[in-house]
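Since the structure comes first, as structure tokens, the remarks are kept for the end.
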There are 4 protein chains.
Amino acid sequence: MTQSILRVDPSSAEPLFAQLVAAVKRAVATGKLRPGDKLPSVRELAAELTINPNTIAKAYAALEGEGVTVSRHGSGTFVADRRVTLRRPEQKRRLREGLDALLSDAVHLGLSEDDVREEFDDAMKRVRFEGDAEERKP
Amino acid sequence: MTQSILRVDPSSAEPLFAQLVAAVKRAVATGKLRPGDKLPSVRELAAELTINPNTIAKAYAALEGEGVTVSRHGSGTFVADRRVTLRRPEQKRRLREGLDALLSDAVHLGLSEDDVREEFDDAMKRVRFEGDAEERKP
Amino acid sequence: MTQSILRVDPSSAEPLFAQLVAAVKRAVATGKLRPGDKLPSVRELAAELTINPNTIAKAYAALEGEGVTVSRHGSGTFVADRRVTLRRPEQKRRLREGLDALLSDAVHLGLSEDDVREEFDDAMKRVRFEGDAEERKP
Amino acid sequence: MTQSILRVDPSSAEPLFAQLVAAVKRAVATGKLRPGDKLPSVRELAAELTINPNTIAKAYAALEGEGVTVSRHGSGTFVADRRVTLRRPEQKRRLREGLDALLSDAVHLGLSEDDVREEFDDAMKRVRFEGDAEERKP
DNA sequence: GTGGTCTAGACCACA
DNA sequence: GTGGTCTAGACCACG
């Protein structure tokens, strides 16, 4: 099941470990991984993605640092219960910055306002916010 | 006037030249810089930001490579007329990827669906899509 | 093996990095380098050509910007899979401009129509268009 | 009449003076300018193109250096009788290099062999080789 | 004065 | 080991 979720593109400019972090966070954000779910072991995932185990370990460490996962000695790495660490103004500031960068890029790509609104609505359907109902997505 | 637009944070993880590229693109996308406007000269901006001129030059070269600006030897660097080179499916693909990453982050930040919609609408007001009315923003 | 492909003429008016870019693109276009092939490392090639590593890096960055190569941090620079990003009218416009300039030069060089046709046919045999058979040229 | 022939694009990466040189050579190659025809004066052309007269003078000097034009004191600059200065092997070598570069670019642009042949034939119709009939093109 | 190229050498991040 | 960033400083070409 994880093989369909955690993918990585070696040709991307984004570092492999960062791609992994993003993939796990996205899986959590979309409900494909839920609190308590176990992530594959470092060695397992390294073999599956044909990636250096150090790279996996680095990604897992970063995820734990962000509070997305917790690792329990001897049993593995698990999705953590959601906890919010940043203060609300800081949360919004980050979102705002990301949005500005994204929309600026969209303009330079030549997309129209309608294009952007449409894709935004689609993307919103793909994520599950905190209070959303909890049926796991296929 | 440019000193209020082109800023850079030396302590950021993002490379200086990339910050500059993003800043110029955003200024163009928001209408603060318009086609034909002249950017500060390499040396001028280098002095203003206390950055090495080569770093500015690298940013300007990247901008020209993306078609955002044109550099005229002997006279300076100018905002280019907008031209779209990518094909539409590719444009949308990039937007979609950016949106997924952003919304996934938003979820992990602990923001609600309403928060995101609100910030999105605000951000949309700050950019000027092709065909928008052309009054320059203050 | 690369020493026979990537050459540079320091006395030429063309910038060194641009010569390198052209050499790599030609090697790809003629099938001497194929998607997935690894280019020499920056330092390696710098030593071989007795050129500053920064100059090589600049060429590689330009190639990546054009989508000819992909650079993977920690592992090297590789020939990218071919992907076309420009729109067809733009593609043709560029070709047309190049042809006009070239033929105009040919006339001024004193060459005949037959000379040009003959050299054109020869040159066409040296490149491999998309979809051509894939045997690597010696 | 020259206003329709000698055009220049300030946004191009090619230096203005080089664009002028190319434009004159192309006009000669296509028969729009013939041996003996007078070019506009430096000041005249500078005014017409709103370009620095030094730039025009530089282009005219380069053209004279290449033997494309001759300047007669007090009367102006004229298209020279065609004379070939390079040796034939050198001529062909230059053409070959230009063709290789052009076709390599065409491949990277994503054009097909048929596209290139078609555009080549079109471009050949636009130039007038040495022995061609001499009716001036409109 | 403008941008562009190149060198030299330091330092960082990724795998 | 790989590529990427940044600085410092020299030199060139264009207008």
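All chains are named by letter (A, B, ...) in the order of the sequence lines, taking the proteins before the strands, and each is independently numbered beginning at 1. Small disclaimer: the values here were computed from a predicted structure and weren't measured.
An OP1 or OP2 oxygen of E/dG3 is reached within less than 4.0 angstrom by a side-chain nitrogen or oxygen of B/Thr77.
Atoms NZ (C/Lys38) and C1' (F/dG3) sit 10 Å apart, rounded to a whole Å. Atom C1' of nucleotide E/dG1 and atom CZ of B/Phe78 are separated by 12 Å, given to the nearest angstrom. The interatomic distance linking C/Leu20 (CG) with E/dT5 (P) rounds to 13 Å, in whole Å. Atom CG in C/Leu39 sits about 12 Å away from atom C1' in F/dG3, given to the nearest Å. Atom CG of B/Leu45 is separated from atom P of F/dC6 by 14 Å (rounded to the nearest Å). Summarising the geometry, the separation between CD1 on C/Ile56 and P on E/dC6 is reported as 10 Å, rounded to the nearest angstrom.
The side chain to side chain donor-acceptor pair (under 3.5 Å) contacts involving residues 11-21 of chain C comprise C/Asp9-C/Ser11, where partners must be two or more places apart or lie in separate chains. Sorted by first and then second residue, the salt bridge (charged side-chain N to carboxylate O under 4.0 Å, His left out) pairs with a member in residues 51-64 of chain B form an empty list; sequence neighbours excluded.
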Q: Summarise protein proximity over nucleotides 7-15 of chain F in one line of letters, 5' to 3': B for base, S for sugar-phosphate only, - for none, counting protein heavy atoms closer than 4.0 Å.
A: BBB---BBS
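Stem regions annotated for DNA chain F: E:1-14 with F:1-14, counting only runs of 3 or more consecutive pairs of Watson-Crick or G-U type with both contacts under 3.5 Å.
Checked against side chain to side chain contact (heavy atoms under 4.5 Å, CB included), C/Lys25 has the following partners two or more places apart in sequence or in another chain: C/Val21, C/Leu63, C/Glu66, C/Val68, D/Ser104, D/Asp105, D/His108. Residues forming a side chain to side chain contact (heavy atoms under 4.5 Å, CB included) with B/Asn54 (at least two apart in sequence, or on another chain): B/Asn52.
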